[in-house]
**Student:** 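Got a structure for you, written out below as structure tokens; questions coming shortly.
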Amino acid sequence: MTDLATHPRRTRRGDLARRVSRQGQLLTAPTLLVITFASIIPLILVFVFAFSKVRLVDIPRLGTRPIQWTLENFERAFANPTFWDALGTTLLYATLTMIGSVGTGLLLALALRRPFKGRGVIRAMLLVPYVLPVIAAVTIWKTMLNTQYGIVNAIGTTFLGWGAPIGFLNTSSIDVFGVPIPLSLLVVVLFEIWTSAPLSFLFITARLQSIPAELEEAAAIDGASHWQTLWQITLPQLRGVVLLLCLLRFIWTFQSFNEVYLLTEGAGGTQVMALRVYTELVTRANIGSAAAYGLLMSAVLVVLLAGYVMLLRRKEEL
């Protein structure tokens with residue numbers, strides 16, 4: 001009697017679980033389709049193109065003849081000095097932007113941590129560069145740095161004793177007290193910091209608000225100074241979010257194309273890897289070479305991501 005009574009109940013539970021499973025599959029199917037057609041298939045095609053001789057004119061005839069597999073795209077990239085120059089420029093650009101963006105966001109978050117009159121207005125104003133459309137931000141900077149009517153060159157030639165206007169967006173290097181400075185690259189880095197530091201500021205501010213006030217109160221009671229509290233209590237609490245921001249900012253900047261292209265179009269020593277991919281694809285119409293460059297960029301980011309995951313696991317083990 002017990003088996004007969006429980007068997008229909010088990011059947012109903014099994015039917016309910018199958019219905020829930022089917023409903024879940026139906027609900028996630030559109031997302032899976034979008035991911036498949038927008039990410040997975042293009043990634044597979046990038047692998048295919050990178051290891052084959054394919055130009056843009058060959059795309060319509062891909063299905064009519066067999067693919068010629070080769071490593072020539074990678075061999076040509078490694079043998080090309082411009083590839084290594086672009087890689088070095090990209091690493092320098094991403095590293096400087098990462099340090100500047102996260103560091104600026106951290107300083108702003110700490111400076112605006114305590115309540116004061118007008119703090120909300122200042123916080124809102126700090127977000128303007130981040131929410132500003134990139135084309136508008138680029139237009140503002142290009143206008144300010146213009147050699148003919150830019151305010152920066154006007155101030156420099158009028159009050160700072162510059163002999164002639166400086167081409168901030170097309171000058172590879174300039175000597176400052178005998179030290180060569182990559183001027184155009186530095187301008188692009190400063191622009192990227194200006195637009196991305198507000199995001200770091202938001203993340204760090206949110207983490208600061210979640211730090212228990214009792215920790216700092218206890219440190220003050222024990223006689224700790226403001227700097228000791230900052231270094232021993234506050235900053236260690238921010239370590240996780242700062243590391244995450246460093247990783248994300250490096251990845252985003254390493255792939256950056258719009259900002260560099262709109263500001264300098266690669267002039268003045270700002271030829272980064274994303275611009276090399278664009279040049280190979282559009283200017284040279286070599287889709288295989290462009291795909292190879294893209295895979296090499298992805299390989300660098302995968303190594304960085306693997307290092308970050310290993311660091312997190314080591315911290316968890318400790």
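Just so it is clear, the structure is predicted and the values come from calculations on it, not from any experiment. As a basis for the values below, the full set of heavy atoms in this structure was taken, side chains included, without hydrogen atoms, waters or symmetry mates.
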**Student:** Which atom names give the shortest non-hydrogen contact between T97 and I193, and what distance separates them?
**Tutor:**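 In this case the closest contact between T97 and I193 is O-CG1, 4.1 Å.
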**Student:** Applying a strict under-4.5 Å side-chain criterion to I, L, V, M, F, W and Y, I'd like to know whether I211 and L243 cluster together.
**Tutor:**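 They do share one cluster, since a chain of ILVMFWY contacts under 4.5 Å joins I211 to L243.
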**Student:** Answer yes or no: is there a donor N or O on one side and an acceptor on the other, between the side chain of N170 and the main chain of G268, under 3.5 Å?
**Tutor:**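 Absent.
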**Student:** Is C246 close to V242 at the side-chain level, that is, under 4.5 Å between some pair of heavy atoms?
**Tutor:**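 When only atoms from C-beta onward are counted, C246 and V242 do touch, with a gap below 4.5 Å.
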**Student:** Sort and list the pairs that fulfil ring-ring contact (aromatic ring centres under 6.0 Å, His included) and have at least one residue in residues 186-218, not counting sequence neighbours.
**Tutor:**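 Listed by first then second residue: W141-F191, W141-W194.
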**Student:** Enter the distance from L230:CG to L235:CG here, rounded to the nearest 0.5 Å.
**Tutor:**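 Taking CG in L230 and CG in L235, the distance rounds to 4.0 Å.
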**Student:** Nearest 0.5 Å please: distance from the CD1 atom of I140 over to the CG atom of L145.
**Tutor:**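 Going from the CD1 atom of I140 to the CG atom of L145 covers 11.5 Å.
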**Student:** Please round to the nearest 0.5 Å and tell me the distance separating atom CG of N286 and atom CZ of F49.
**Tutor:**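 Reported to 0.5 Å precision, the distance equals 11.5 Å.
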**Student:** Has W227 got more than 12 heavy atoms of other residues, nucleotides or ligands less than 6.0 Å from its CH2?
**Tutor:**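 No, not enclosed.
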**Student:** Does the side chain of Y93 reach to within under 4.5 Å of the side chain of V260, using non-hydrogen atoms?
**Tutor:**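 Sidechains of V260 and Y93: in contact.
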**Student:** Nearest heavy-atom pair of T95 and L91: which atoms, and what distance?
**Tutor:**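 Minimum heavy-atom contact is OG1-O, 2.7 Å.
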**Student:** Answer with yes or no whether the side chains of S184 and T270 bring together a donor and an acceptor at under 3.5 Å.
**Tutor:**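 No, no side-chain donor-acceptor pair sits under 3.5 Å.
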**Student:** Would I99 and L108 show up in the same hydrophobic cluster when neighbours are defined by side-chain heavy atoms closer than 4.5 Å?
**Tutor:**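 Different clusters: I99 never reaches L108 through Ile, Leu, Val, Met, Phe, Trp or Tyr contacts under 4.5 Å.
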**Student:** Quick one: do F168 and I155 end up in the same hydrophobic cluster if we chain Ile, Leu, Val, Met, Phe, Trp and Tyr together by side-chain heavy atoms under 4.5 Å apart?
**Tutor:**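 Linked within one cluster.
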**Student:** Quick one: does S298's side chain have a donor or acceptor within less than 3.5 Å of a partner on G294's backbone?
**Tutor:**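 At least one qualifying donor-acceptor pair exists.
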**Student:** What's the separation between atom CD1 in I35 and atom CD1 in I41, rounded to the nearest 0.5 Å?
**Tutor:**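 One finds 12.5 Å between CD1 of I35 and CD1 of I41.
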**Student:** Is it the case that atom CZ in F159 sees more than 12 heavy atoms from other parts of the structure closer than 6.0 Å?
**Tutor:**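 No, because the 6.0 Å sphere around CZ of F159 holds 12 heavy atoms or fewer from other groups.
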**Student:** Using 0.5 Å steps for rounding, measure from the OG1 atom of T205 to the CG atom of L238.
**Tutor:**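 Here the rounded value is 9.5 Å.
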**Student:** Treating R123 as the side-chain partner and L112 as the backbone partner, does any N or O pair qualify as donor plus acceptor under 3.5 Å?
**Tutor:**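 Present.
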**Student:** Only pairs at least two apart or in different chains count here, so list each ring-ring contact (aromatic ring centres under 6.0 Å, His included) that has a residue in residues 269-304.
**Tutor:**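 For residues 269-304: F83-Y293, F257-Y278, Y261-Y278.
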**Student:** I want to check something: taking the side chain as every heavy atom from C-beta on, are Q255 and L301 in contact at a cut-off of under 4.5 Å?
**Tutor:**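 Side chain of Q255 against side chain of L301, heavy atoms only: contact under 4.5 Å found.
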**Student:** If only atom types and distance count, is the side chain of T171 paired as donor or acceptor with the main-chain N or O of S173 below 3.5 Å?
**Tutor:**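 No, because the side chain of T171 does not come within donor-acceptor range (under 3.5 Å) of the backbone of S173.
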**Student:** Kindly indicate, with the supporting measurements, whether the criterion side-chain contact (heavy atoms from CB on, under 4.5 Å) is fulfilled by L281 and I287.
**Tutor:** CA-CA 5 Å; L281 180 61; I287 191 172; 4.0 Å; yes
**Student:** Spell out, as yes or no, whether a donor-acceptor pair under 3.5 Å connects the side chain of Q271 to the backbone of A267.
**Tutor:**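 No, the answer is negative, given that no donor and acceptor are paired below the 3.5 Å cut-off.
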**Student:** Pairing donors with acceptors under 3.5 angstrom, does anything connect the side chains of Q237 and T234?
**Tutor:**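 T234 and Q237 do not have a side-chain donor-acceptor pair below 3.5 Å.
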**Student:** Quick check: does any side chain N or O of N73 sit under 3.5 Å from a backbone N or O of S52, one acting as donor and the other as acceptor?
**Tutor:**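 At least one qualifying donor-acceptor pair exists.
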**Student:** Specify the closest pair of heavy atoms between R113 and R119, including all atoms of both residues, with the distance to one decimal.
**Tutor:**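 Looks like O-NH1, 2.7 Å.
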**Student:** Quick check: are there more than 12 heavy atoms from other residues, nucleotides or ligands sitting under 6.0 Å from CH2 of W162?
**Tutor:**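 For W162, atom CH2 is crowded (more than 12 foreign heavy atoms under 6.0 Å).
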**Student:** Establish whether V187 and I151 are linked, either directly or via other cluster members, by ILVMFWY side-chain heavy-atom contacts under 4.5 Å.
**Tutor:**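 They do share one cluster, since a chain of ILVMFWY contacts under 4.5 Å joins V187 to I151.
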**Student:** State, with a plain yes or no, whether a side-chain heavy atom of T147 is found less than 4.5 Å away from one of I166.
**Tutor:**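 Not in contact.
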**Student:** Closest approach of E259 and S256, non-hydrogen atoms and distance?
**Tutor:**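 E259 and S256 have their closest heavy atoms at OE1-OG, 2.8 Å.
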**Student:** What I want to check is whether the side chains of S210 and R207 have a donor and an acceptor closer together than 3.5 Å.
**Tutor:**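 Note: S210 and R207 side chains meet the donor-acceptor criterion.
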**Student:** Under a 4.5 Å cut-off applied to non-hydrogen side-chain atoms, are L110 and L208 in contact?
**Tutor:**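 A side-chain contact under 4.5 Å exists here.
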**Student:** Counting distance only, does the side-chain N/O of T90 pair as donor-acceptor with the main-chain N or O of M273 below 3.5 Å?
**Tutor:**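 A pair under 3.5 Å: yes.
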**Student:** How far apart are the closest heavy atoms of T139 and I135, and which atoms are they?
**Tutor:**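 Minimum heavy-atom contact is OG1-O, 2.7 Å.
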**Student:** Using a 3.5 Å distance criterion without hydrogens, assess whether the side chain of T195 forms a donor-acceptor pair with backbone atoms of E192.
**Tutor:**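 Yes, T195 side chain to E192 backbone: donor-acceptor pair under 3.5 Å.
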**Student:** Just checking, is any N or O donor in the side chain of S196 or S101 under 3.5 Å from an acceptor N or O on the other one?
**Tutor:**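 Note: S196 and S101 side chains meet the donor-acceptor criterion.
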**Student:** Rounded to the nearest 0.5 Å, how far apart are CG of L245 and CZ of F250?
**Tutor:**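 Interatomic distance, L245 CG to F250 CZ, rounded to 0.5 Å: 15.0 Å.
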**Student:** Any non-hydrogen side-chain atom of S289 less than 4.5 Å from a side-chain atom of R76?
**Tutor:**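 S289 vs R76: side chains touch.
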**Student:** Give a yes or no on whether V300 and W252 share a hydrophobic cluster (residues Ile, Leu, Val, Met, Phe, Trp, Tyr; joining criterion: side-chain heavy atoms under 4.5 Å apart).
**Tutor:**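 Shared cluster, yes.
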**Student:** How far apart are the closest heavy atoms of F74 and A50, and which atoms are they?
**Tutor:**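 So the minimum-distance heavy-atom pair works out to CE1-O, 3.5 Å.
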**Student:** Within the structure provided, determine whether L96 and T253 are in side-chain contact (heavy-atom separation under 4.5 Å).
**Tutor:**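 L96 vs T253: side chains apart.
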